[in-house]
Amino acid sequence: MESNNMVEIRAAHKRFGSNLPLLNGLNMTVKKGHIYGLLGPSGCGKTTLLSCIVGRKLLDSGSIELGVFRKSDIGYMPQDTALFMDFKIIEIFHFYGTLFALPNSIIKKRADKLSKMLELPPEYRFINTLSGGQQRRLSFAVALLHDPQLLILDEPTVGVDPVLCHSMWEYLIHLAVVETKTIIITTHYIEEAKQSNMIGLMREGVLLIEAPPLDLIRGQGCSSLEEAFLELSRKQHEASNGDEHKLGMLNYNKPKPIKAKPPFPAGEVFNFSRFLAQLWKNIRWTQRNIPILLFTLLLPAIQAYLFCESFGKDPRNIVVGLVSNELYSIKDSCDDLVNNVTYSHLLECNVPVSFSCLFLKELTNKMGIEVYSNLIEAKEAVSKNEIWGVMELHRNFSNAVEVRINEGIQSDDDIIEKSSVSVWMDMSNYIVAHIIKKNLLKCMTNFVKDIVQTCGAPRKIGDIPVKLNDAIFGSNDPVFAHSSAAAFICSFVFYFTMVFTSGAIKVETLAGLIERSMVSGMTRFEIVAAHLIVQFCMMTMQSMLMMVVMFVIYDNPLHGNITLIISMVALVAIVGISFGFLLAEMFEEEKLISYAGIGITMCIFLINGCVWPMEGAHEYIKMIHIVAPIVPAVAGFNIMATKGFGLENMQVVAGFISCFVWITILSGLTHYFAKKKK
Ligand SMILES: Nc1ncnc2c1ncn2[C@@H]1O[C@H](COP(=O)(O)OP(=O)(O)OP(=O)(O)O)[C@@H](O)[C@H]1O
């Protein structure tokens, strides 16, 4: 590269996917101490070219050589203002000043000078309270803060009033002439670019011309830059039909396309002060958004509360109908008969006068009972969704039960029929139907046990011949929520960390903040590390609150080693954070990230055993279950919490390994997509 050149671009090619090339063998030379006005129609690739110069995008082929060797020698003002809106003016100066390792005193001095020159509002003003023009001027000031050798300004004067625009150009000329700074500036106000030393007119992937403004105007026989641009465009159009010489393009010796290299060698991957600046910025953002902070902290705890209060407990107060043909008005009759006994000659003991009443008493302990006078009426109530089912007792129910108990296996079909309770159920709800069936069986067993006990026999004679001993794990009356608590916690930790991470990154990306920070020297590793710390702290507080609700306030089982369990939850959170980074890198639009995030979480929710045990799933789903993200961790957490297992158990180990594998895969994919974008 010639020593008096600051930027030399040769044979630059760049295209995105299968779109038309944006840069199609572009050559460009910017001399030191010059203001270079890069002009061209909207969408012709000016910003892309500037991104390649600052090292944020890579050429497909060609070369870019710069007369500076460190990122801190470049001042970049992107098209978006790219400022942290929750910051004060002085804070943004401090943030970027720290990135460039400037001492506080210098930051303050330069900030004051630039604020005065650009007529910025007082330094304590929040950026989100500034007008569009004020924000643009502040963005301009930030680009100048570290006194760079090469200034790259992407449309700095948009939205700035003519007087201020004039003073900005005066300052640029001062920088170029007095301080020998080199400035590349894009603008849509073609006439203002007349103040540049050199103009480059970009169109269809090449520079139509590179010349001083007056030469350009005269050369094309025009009276203004705008006319000259139109004339050149017309010539290019004709040239594309064959006559290349009409173009008047600069004829560089075209170098052979070579694999493009970034304009800067990779610097240090991690710098502690840059990392601290990013971390401080993240913490500041959190402090400035207390309502969001409280919402994100409390939401998981509220959901845990809702889960414990409403999920997995046996449904209560299920109402079923009862029709007794034995006692026409069973409720009124039973009020009178409830304590009345009579001598049974068959059983040779005193028994309740009405077995229907005894059975009703058992039923009312377990369910809501609505008494109907006939079966048609009761069935109609079921069909109107008023009750969950109807039971009918035969008119000889008491007698038939007496005979059945007395005759046992000799009972004939007629006795069995009359002593049985006929049931018609609404089976539309799987769980309610099972609960009614379970309650009915329990009531019937208790009913028989009561009768045999009245007759002096041991109660257990009336029981079904299955002896349920004390449970080895859990209780003999299991609660569904206990077995799904782990899945619930992991799913929510995964979801929240994924959503918050991708949200935080995307907001910054869309506002151009990450781009600007990285041009200023920040590395992806520093950005990720700073986000990781904030997200991890948030997640720790969220999980703690959630676990206090689940395990301290409510009695969900927690038998295993608490450190192992917390480690598992932490790993699940890191999987969620890694997913968040990947989604933010893969998708441009926030809504696509939301769809993908919700979709992934829904799938995980369906196969992690929270809704239904995986033993019931199809073989293929069981295979997916083993390799899906966080699902093995759910199984591991569950078995630790409910059975007290530790690392001696394969499921627990598999949970940890699965998380590590997924973190590695997701980080690799994120890195791949980030590189591909360049
Ligand atoms: N990462 C990307 N993937 C796909 N297309 C992209 C990407 N970045 C830019 N483009 C496309 O490249 C084209 C040129 O964009 P660029 O921002 O460089 O144009 P520009 O000349 O700066 O436009 P303007 O003057 O309006 O700012 C646009 O059509 C844009 O959509």
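Start at 1 and go down the list; that is how both ligands and their atoms are numbered. Here, residue 1 is the first one in the sequence, and each next residue gets the next number. Please read these numbers as outputs of a predicted model, since none were measured by experiment.
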Quiz item: Is Arg516 positioned over the aromatic face of Phe84, cation under 6.0 angstrom from the ring centre and no more than 45 degrees off axis?
Solution: no
Fill in: Selection residues 509-533 - residue pairs positive for ring pair (Phe, Tyr, Trp, His ring centres under 6.0 Å), sequence neighbours left out
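Every pair satisfying ring pair (Phe, Tyr, Trp, His ring centres under 6.0 Å) with a residue in residues 509-533: Phe270-Phe525.
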Task: Amino acids contacting ligand 1, non-hydrogen cut-off under 4.0 Å - done: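 Residue list for ligand 1: Phe16, Leu22, Pro41, Ser42, Gly43, Cys44, Gly45, Lys46, Thr47, Thr48, Gln79, Glu155, His188.
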- Task: Decide yes or no on salt bridge (Lys or Arg N to Asp or Glu O under 4.0 Å) for Arg284 and Glu91, but give the supporting numbers first.
- Result: CA-CA 10 Å; Arg284 237 328 114 87; Glu91 289 172 338; 2.5 Å; yes
Would you call Glu585 and Arg524 a salt bridge, using N to O less than 4.0 angstrom? yes
- prompt: Do the side chain of Asn27 and the main chain of Ala11 share a donor and acceptor less than 3.5 angstrom apart?
  reply: yes
- Above 12 or not: heavy atoms from other molecules or residues under 6.0 Å from NE2 of His174?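 Atom NE2 in His174 is crowded, with more than 12 foreign heavy atoms closer than 6.0 Å.
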